[in-house]
There are 2 protein chains.
Amino acid sequence: MERKTLRQDLDDVDRRLIAALAADGRITNAELAARVGLAPSTVHGRVQSLIQSGVISGFTATVNKAKLGFGLQALVGVTLAPGARQASITDFADHARAFPEVVQVFFLGGVDDFMVHVAVADSSALRTFVVEHISGHPRVASTRTNIIFDYHRSASVESFR
Amino acid sequence: MERKTLRQDLDDVDRRLIAALAADGRITNAELAARVGLAPSTVHGRVQSLIQSGVISGFTATVNKAKLGFGLQALVGVTLAPGARQASITDFADHARAFPEVVQVFFLGGVDDFMVHVAVADSSALRTFVVEHISGHPRVASTRTNIIFDYHRSASVESFR
DNA sequence: CATGAAATCCGTAGATC
DNA sequence: GATCTACGGATTTCATG
């Protein structure tokens, strides 16, 4: 009998494939197969399954923003005005993510409502961006800007989807 | 007149290549060439240059942590003990980065010294991780844990045109 | 679920303009 | 730089165990 159900539990091989692809998204399927000790066609099928099931949601190039003229990065904590409704919250999130300066947006529970990771040219551009596009938003009550001196990422992550 | 033995400035084609690769790191060179209207061999050379010069620093698969059993994420602000020297700072960063739960580490200027992005199974695991591995570090003075309700990372660093 | 074989497509180097 | 050509290798499909 054929099994039409999608594989739900990941085995050790899947985890190794995920780790290898997270470390190098352009590793060849042949190399991937050699590492886990399976045939290329088998590995190809597994990776396709991981993509289709959403465990791997995409592949991306990592870009050095400093070399593109965005040498200054910051984490901007944002508090919305009291009584902001759900519509206002998603509105701000959509507003923020539309700017090319915005790298990441975290929607938080706690003191801050959002944490916005931005990359800009210099401190002048940072001030302008925060004042005009974050503090300037009608629902924003306050912001706290923290300069990022250094940054490390272990793996690309997509959380809730 | 023009002396461009080593390409230092990125032209519009380079920016489109970067944007396309940031959005889909596994796009084929042939497809990339079709999009920018140049020959595959030409595009291949340009992309290699972008990689060698460090503008593109790598490729990575985006992994859905929730589907791997890490459904809860948090941003943990960390303040180190007063008087911590540079060695202590880098020591903490290396310490934090080593854990599989740690997705990103931001080394900051401002109230917090670090912001640590973690992905764990549940609130119990979060508490355990923070207490044992962050608050428990001898140089850590205080932490502020913010649950991440939603998260968005920009697919590309800049618009196409 | 894994495999080998086959067909197709792609990456990459080299010569030319 | 950009292009075409050419070839070695990779991806991908499919029948089979």
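Chain naming here is simple, since letters A, B, ... match the order of the sequence lines and numbering starts at 1 in each.
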Nearest atoms (heavy-atom pairs only) where A:Asn64 meets B:Gly54:
CB-O, 3.2 Å
When the distance from CG of B:Leu32 to C1' of C:dC9 is rounded to whole Å, what number comes out?
16 Å
Under 4.0 angstrom between A:Thr42 side-chain N/O and C:dT3 OP1 or OP2
yes
B/S/- contact track for nucleotides 11-17 of chain D, protein heavy atom under 4.0 Å:
SSB----
Between A:Tyr151 and B:Gln104, does any side-chain donor sit less than 3.5 Å from a side-chain acceptor?
yes
Identify every side-chain donor-acceptor pair in residues 123-138 of chain A under 3.5 Å, counting partners at least two apart or on other chains, and give the distances.
from     : atom 1 : to       : atom 2 : distance (Å)
A:Thr128 : OG1    : A:Ser124 : O      : 3.0
A:His137 : ND1    : A:Arg139 : N      : 3.1
A:His137 : NE2    : A:Asp91  : OD2    : 3.4

Within 45 degrees of the axis of the six-membered ring of A:Phe70 and under 6.0 Å from its centre: does A:Lys65 put its NZ or CZ there?
no
Looking at B:Ile148 and B:Asp150, what are the two nearest heavy atoms and their distance?
CG2-O, 3.3 Å
How long is the line joining CG of B:Asp9 and C1' of D:dG1, in whole Å?
15 Å
